[in-house]
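So the structure is just underneath, and the comments pick up after that.
Everything quoted here is computed from the prediction, not taken from an experiment. Residue numbers count from 1 along this sequence.
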Amino acid sequence: GSDEGLYEGEGPAHPINLDGFALARYPVTNAEWKLFKEAGGYDDERWWVSDAAKAWRRGENTDEGPKQQWRDNRKNLQDNFEAIQTLLKDGKITSKEADDWTTIARWSDEEFNDWLDGEFPGGRHTQPGYWNDSSFNNPAQPVVGICWFEALAYCAWLSAQTKLTF
């Protein structure tokens, strides 16, 4: 939880108990993800274990999560506009990021919603978001641009391949 109250229902901060778990030493690479993809991971419904995951796999509401995240980000930028310059001055973001964030914060709602619709069109996905981007698709690089449902499907598939639980 959090005491800042950035999101509804996340507070207050409190301790929780977790069952034991393991954490991979290395992130899942594009080469490993390619095995899942080539084995029909996006097409085989058995790896998509919940109703919400199956709906995502069919292309339902695939755009809403990223759009809502950007709505929250934009509101935060607008409410804390001076933070952009502080992050830039502290070397935590690049000048390009500062310019982009400033632009997004200053857009009208119509401009912002048009950008969201273009950036996150929704529909069925059959590969990670940056799969064809040369900055992110080296086989040895960690896979990026996946959502929670894709990660769960990969874990279900990997568990079946290895007879271990992921």
Which side chain to side chain donor-acceptor pair (under 3.5 Å) pairs, counting each pair once, include a residue from residues 22-35, with sequence neighbours left out?
T29-E32, W33-Y42

Write out all pairs satisfying side chain to side chain donor-acceptor pair (under 3.5 Å) with one or both partners inside residues 151-166, taking only residues at least two apart or from two chains.
none

If you link I, L, V, M, F, W and Y whenever their side-chain heavy atoms are under 4.5 Å apart, who else ends up in the same group as [X]?
X: Y130; value: F136, V144
X: F21; value: I16, L18
X: L23; value: none

Mind checking whether L88 and E97 have side chains closer than 4.5 Å, heavy atoms only?
no

Assign the ring pair W56 / W48 to parallel, tilted or perpendicular, where the plane angle (0 to 90°) is split at 30° and 60°.
parallel

Could you tell me whether the side chains of Q141 and N137 share a donor-acceptor contact shorter than 3.5 Å?
no

Would one find more than 12 heavy atoms of other residues, nucleotides or ligands at under 6.0 Å from atom CD of E82?
yes

Separation of [Y] [atom2] from [X] [atom1] (nearest 0.5 Å):
X: D100; Y: I84; atom1: CG; atom2: CD1; answer: 10.0 Å
X: D72; Y: L77; atom1: CG; atom2: CG; answer: 11.0 Å
X: K67; Y: T62; atom1: NZ; atom2: OG1; answer: 9.0 Å
X: N61; Y: F149; atom1: CG; atom2: CZ; answer: 9.5 Å
X: Q78; Y: R106; atom1: CD; atom2: CZ; answer: 11.0 Å
X: K37; Y: Q127; atom1: NZ; atom2: CD; answer: 5.0 Å

Partners meeting ring-ring contact (aromatic ring centres under 6.0 Å, His included) with W148 (sequence neighbours left out)
none

Can you list everything that forms a salt bridge (Lys or Arg N to Asp or Glu O under 4.0 Å) with D133? Sequence neighbours excluded, please.
none

Does D114 have any salt bridge (Lys or Arg N to Asp or Glu O under 4.0 Å) partners at least two apart in sequence or in another chain, and if so, which?
none

Once side-chain hydrogen bond (donor to acceptor under 3.5 Å, both in side chains) is applied, do any residues pair with [X], and if so which ones, sequence neighbours excluded?
X: N80; answer: N76
X: E60; answer: R58
X: E64; answer: R71
X: S108; answer: E111

Looking only at non-hydrogen atoms, find the nearest pair between D63 and P121 and report the distance.
CB-C, 4.3 Å

Group every Ile, Leu, Val, Met, Phe, Trp and Tyr by side-chain heavy-atom contacts under 4.5 Å, then state whether [X] and [Y] land in the same group.
X: F36; Y: V49; answer: no
X: F120; Y: W131; answer: no
X: V28; Y: L152; answer: yes

Residues K92, D90: salt bridge by 4.0 Å N-O rule:
no

Kindly say whether F112 contributes a backbone atom to a donor-acceptor pair with the side chain of R74 at under 3.5 angstrom?
no

Full working for side chain to side chain contact (heavy atoms under 4.5 Å, CB included) between N113 and L116:
CA-CA 5 Å; N113 286 320; L116 285 178; 3.8 Å; yes

Does the pair R124 and D43 meet the rule for a salt bridge (charged side-chain N to carboxylate O under 4.0 Å, His left out), with working shown?
CA-CA 11 Å; R124 187 159 189 269; D43 297 320; 3.2 Å; yes

